[in-house]
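What follows is one structure encoded as structure tokens, with my remarks underneath.
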Amino acid sequence: MNVYEHVGDMIHGALKVLQQEQKLAADIELPKVETEAPRDPAHGDMASNIAMVLAKRAGQKPRDLAQLVAEKLTVNDDIQTVDIAGPGFLNIKMSNSIWERVTAAILNQGPQFGRAQLGEGAKVNLEYVSANPTGPMHVGHCRGAVFGDALANLLEFSGHDVAREYYVNDAGGQIDVLAKSAYLRYREALGEDIGSMPEGLYPGDYLKPVGQILADSHGKSLKEMDEDQWLPIVREIASNAMMDLIREDLAALNIHHDVFFSESSMTQNGHDQIKDAIEALRKKGLIYEGQLPKPKGHEDEEWEEREQTLFRSTDFGDDVDRALMKSDGTYTYFAGDIAYHYNKIKRGYTHLINVFGADHIGYLPRMTAAVKALSDGNIDFDIKVCQLVKLYRDGEPVRMSKRAGNFVTLRELVEEVGVDPVRFMMLYRKNDAPLDFDFSKVTEQSKDNPVFYVQYAHARAASVLRNAKEAFPDMDISPSALAKADLTQLSDQGELALIKLLSGFPNLVLGAARAHEPHRLAFYLYEVASTLHKQWGRGNDSPHLRFIHTDSQGVTASRLALVAATQQVISSGLGILGVQAPESMR
RNA sequence: GGUCCCGUAGCUCAGCUGGAUAGAGCAGCGGACUUCUAAUCCGCAGGUCGCAGGUUCGAAUCCUGCCGGGAUCGCCA
């Protein structure tokens with residue numbers, strides 16, 4: 001149950017009654033009523049600005065309208081009082097019975113509490129990571145990976161049918177570079193002294209095993225071939241090996257994609273899907289041969305005027321039209337990506353979401369244009385941009401250079417820091433804000449670390465339930481039993497504050513899912529943890545407020561219901577973020 | 001030069017798509033451990049929401065223009 005929607009429905013009902021009674025103009029359209037928890041608890045449990053929103057349309061003064069709505073609302077049992085404040089706010093105090101019902105609902109619904117039907121089963125394709133298969137993943141990939149994965153969980157939790165997809169860029173020039181690098185490692189594996197890696201090739205040790213595989217499977221036969229003969233063979237083997245590596249890296253972060261879509265597959269088996277996609281656009285009159293203006297502001301010696309095949313992306317808000325064919329006659333990366341998205345659309349997805357790194361931000365308008373053009377605007381398309389992660393150690397920036405091969409790999413990060421802190425910290429920031437990630441701070445299992453703070457709240461709740469079993473061996477502390485406890489005993493202000501916060505979980509999930517912003521969950525969980533810890537602290541100062549009240553099994557049962565409900569919400573929330581919820585942290 | 005993102009407490013950041021007196025953590029100062037696990041809690045202090053206009057009952061939030069920081073700018077991917 002979602003208290004916010006519940007109150008919104010009641011207000012909506014009140015407005016309709018007012019229209020029937022002709023106290024409110026019947027011909028005005030009623031907007032969706034938004035309710036919110038006021039910042040100041042003195043303003044009640046729920047607040048609505050509906051009177052101010054409608055005042056102009058209704059031709060009435062906000063406070064007069066608010067008064068009419070308030071009268072209709074108070075007949076409802078779940079509403080205790082309605083005050084009118086300021087310019088026309090409805091400040092609503094809920095009956096305690098509703099908080100008792102929410103607590104019971106959390107316990108009875110368990111992991112289902114907060115699930116929503118927002119998506120109504122809509123087919124969502126969520127593409128994330130899509131790192132080039134040219135080496136192991138480094139920390140730069142990490143944020144988008146975690147973000148995409150958590151967003152996928154969040155969308156599933158809110159009723160979407162989500163496919164987690166990885167676009168494998170196994171067709172471009174970088175795969176040739178990979179293959180040439182692997183070929184050198186192959187010769188090395190055969191005993192040849194290759195010296196140091198030539199400039200422009202990948203120097204990392206991770207290609208040595210690939211060289212060995214090539215030596216084992218092909219012996220010396222590759223050495224006797226010309227480059228155009230061995231290149232396709234080595235490309236295939238090397239890129240497959242790199243994808244195996246990447247899959248292991250992702251698994252270390254508990255990330256598992258449903259689909260790995262190969263770029264090169266689109267032009268294989270005598271069927272050129274890229275050509276098909278371009279033809280589809282051509283039929284819409286969006287393809288032409290022309291010249292692009294030279295970009296201003298930076299000198300480019302290599303620039304030459306050239307007629308080329310262009311996509312009219314400016315029709316859809318892009319700055320310039322975009323090239324589809326390179327000067328060597330092959331497709332541009334963009335052409336392939338158009339075809340890939342055309343493919344997604346043809347597979348029946350109605351919602352496409354891409355997670356980009358900040359370095360691809362300039363790619364956003366043309367991709368948006370392409371999807372609009374291909375779908376005639378019928379696809380819900382969103383690109384989430386993850387800003388860069390800056391690594392620090394003891395406050396000092398960690399310098400990385402891919403060319404020198406000294407970049408920090410994702411695996412090293414996970415092994416040093418642990419999955420949970422990595423995942424949580426990557427989400428403990430808005431995706432489009434830059435993120436500073438300090439090894440030493442995140443490794444430190446201290447108060448400075450929000451992950452442990454939240455996890456500790458969960459462990460603490462679990463601990464209370466264990467201890468209760470010792471204090472009252474006969475008590476049934478299963479969620480279903482606790483849901484039946486006399487919850488009217490929950491009357492302390494701290495207890496009520498906690499319940500009210502927990503009751504906001506379903507609404508928070510809705511908002512985060514709509515906005516595609518999983519970080520909201522991380523901040524919410526921090527707040528839930530804080531509120532639980534705070535109530536614990538009150539028990540330290542005032543023993544009669546402790547969760548386990550040895551003098552009264554009844555009071556204890558009601559408080560355990562609250563503790564168990566808190567544990568459940570934290571567990572569900574952390575589950576969406578892909579972070580463990582430990583029973584104990586001793 | 002074009003486009004996009006960011007600018008909120010000393011530092012790191014939230015701010016629920018326009019609401020009421022702008023919040024949290026860290027750092028600083030002062031308190032609470034024979035504990036329902038102190039990985040915690042309580043208190044104090046800290047602000048021209050980059051600047052200037054505009055939109056309206058109401059702006060950190062939306063629009064415009066500046067200032068500062070970052071990303072990116074045919075044929076790489």
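No experiment lies behind these values; they were computed from the predicted model shown. So you know, we letter chains A, B, ... as the sequences are listed, proteins then strands, and number each from 1.
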Exercise for the section: Look at the side-chain N and O atoms of A:T332 and state whether any lies under 4.0 Å from the OP1 or OP2 oxygen of B:C75. Expected result: no
Handout entry: Base of B:A71 paired with side chain of A:H360 (donor-acceptor, under 3.5 Å)
Key = no
Exercise for the section: Please determine if a side-chain N or O atom of A:Y453 lies less than 4.0 Å away from the OP1 or OP2 oxygen of B:C41. Expected result: yes
Handout entry: Rounded C1' spacing from B:C5 to B:G46 in Å
Key = 29 Å
Exercise for the section: Round to a whole Å and report the spacing from CG of A:D321 to C1' of B:C73. Expected result: 15 Å
Exercise for the section: Classify the side chain of A:N49 versus the base of B:G19 as yes if they form a donor-acceptor pair under 3.5 Å and no if they do not. Expected result: yes
Exercise for the section: Have a look at A:A47 and say if it touches a base, only the backbone sugar-phosphate, or nothing, with a 4.0 Å heavy-atom cut-off. Expected result: base
Practice task
For A:L292, answer base if it contacts any base atom (sugar-phosphate contacts may also be present), sugar-phosphate if it contacts only those atoms, and nothing otherwise; contact means non-hydrogen atoms under 4.0 Å.
Solution key: sugar-phosphate
Handout entry: Ring centers of A:F523, A:Y428 separated by less than 6.0 Å
Key = yes
Completion exercise
Letter by letter from the 5' end, nucleotides 7-12 of chain B scores (B base, S sugar-phosphate only, - none; protein heavy atoms under 4.0 Å) -----S
Practice task
Indicate syn or anti for B:U17, taking the glycosidic torsion and treating anything within 90° of 0 as syn.
Solution key: syn
Problem - Ring centre gap for A:F147 and A:Y128 strictly below 6.0 Å - result: no
Exercise for the section: Answer with base, sugar-phosphate or nothing: what part of the nucleic acid does A:R538 contact at a heavy-atom distance below 4.0 Å? Expected result: nothing
Handout entry: Phosphate OP1/OP2 of B:C16: any A:N507 side-chain N/O under 4.0 Å
Key = no
Exercise for the section: Ignoring backbone atoms, test whether A:R520 places a side-chain nitrogen or oxygen under 4.0 Å from the OP1 or OP2 oxygen of B:C16. Expected result: no
Practice task
Would you indicate what A:A55 reaches in the nucleic acid, counting non-hydrogen atoms under 4.0 angstrom: base, sugar-phosphate, or nothing?
Solution key: nothing
Problem - Any donor-acceptor N/O pair, A:S542 side chain to A:G539 backbone, under 3.5 Å - result: no
Exercise for the section: Using a heavy-atom cut-off of under 4.0 Å over every strand shown, decide if A:F523 touches base, sugar-phosphate, or nothing. Expected result: sugar-phosphate
Handout entry: Sugar-phosphate, base or nothing in reach of A:Y363, heavy atoms under 4.0 Å
Key = base
Practice task
Tell me what A:G511 touches on the nucleic acid: a base, only sugar-phosphate, or nothing, going by heavy atoms under 4.0 Å.
Solution key: nothing
Exercise for the section: Answer yes or no: is there a donor N or O on one side and an acceptor on the other, between the side chain of A:Q174 and the main chain of A:N169, under 3.5 Å? Expected result: yes
Exercise for the section: Could you tell me whether A:A471 contacts a base, only the sugar-phosphate backbone, or nothing, with contacts defined as non-hydrogen atoms closer than 4.0 Å? Expected result: nothing
Exercise for the section: Would you classify A:G86 as touching base, sugar-phosphate or nothing, given that sugar-phosphate means primed atoms plus P, OP1 and OP2, and contacts are heavy atoms under 4.0 Å? Expected result: nothing
Handout entry: Under 3.5 Å donor-acceptor, A:S530 side chain and A:Y526 backbone
Key = no
Problem - NZ/NE/NH1/NH2 to OD/OE distance under 4.0 Å, A:E165 and A:K344 - result: no
Problem - Sugar-phosphate only, base, or nothing, as touched by A:H533 at under 4.0 Å among non-hydrogen atoms - result: sugar-phosphate
Practice task
Look at A:K384 and B:C4 and indicate whether a side-chain polar atom (N or O) is within less than 4.0 Å of OP1 or OP2.
Solution key: no
Problem - Reported OG1-to-CG distance for the pair A:T531 and A:L501, which is rounded to 0.5 angstrom - result: 5.0 Å
Completion exercise
Which of B:A20, B:A71, B:U37 is nearest the side chain of A:H43? It is B:A20
Practice task
Taking A:S262 for its side chain and A:S265 for its backbone only, find out whether a donor-acceptor pair lies under 3.5 Å.
Solution key: yes
Problem - Nearest-angstrom distance from the residue atom CZ of A:F356 to C1' of B:A71 - result: 14 Å
Exercise for the section: Before giving the answer on ring-ring contact (aromatic ring centres under 6.0 Å, His included), spell out for A:F261 and A:Y166 the whole-Å C-alpha distance, their side-chain angles and the decisive distance to 0.1 Å. Expected result: CA-CA 6 Å; A:F261 188 97; A:Y166 186 122; over 10 Å; no
Fill in the blank from the handout: Writing each nucleotide of RNA chain B 5' to 3' as (, ), [, ], | or . by Watson-Crick or G-U pairing under 3.5 Å yields (((((((..((((.....[...)))).(((((.......))))).....(((((..]....))))))))))))....
Exercise for the section: Using a 4.0 Å heavy-atom cut-off across all strands, classify A:T550 as base, sugar-phosphate, or nothing. Expected result: nothing
Practice task
Report the residue (A:D328 or A:F89) whose heavy-atom-nearest nucleotide on RNA chain B is the more 5′ of the two.
Solution key: A:F89
Exercise for the section: Could you tell me whether A:D337 contacts a base, only the sugar-phosphate backbone, or nothing, with contacts defined as non-hydrogen atoms closer than 4.0 Å? Expected result: nothing
Handout entry: From CA spacing to verdict: ring-ring contact (aromatic ring centres under 6.0 Å, His included), A:H533, A:Y453
Key = CA-CA 9 Å; A:H533 288 316; A:Y453 186 82; 4.8 Å; yes
Practice task
May I ask you to verify whether the side chain of A:N91 and the base of B:A20 hold a donor-acceptor pair under 3.5 Å?
Solution key: yes
Problem - Residue whose nearest RNA chain B nucleotide is more 5′ - A:K534 or A:D359 - result: A:K534
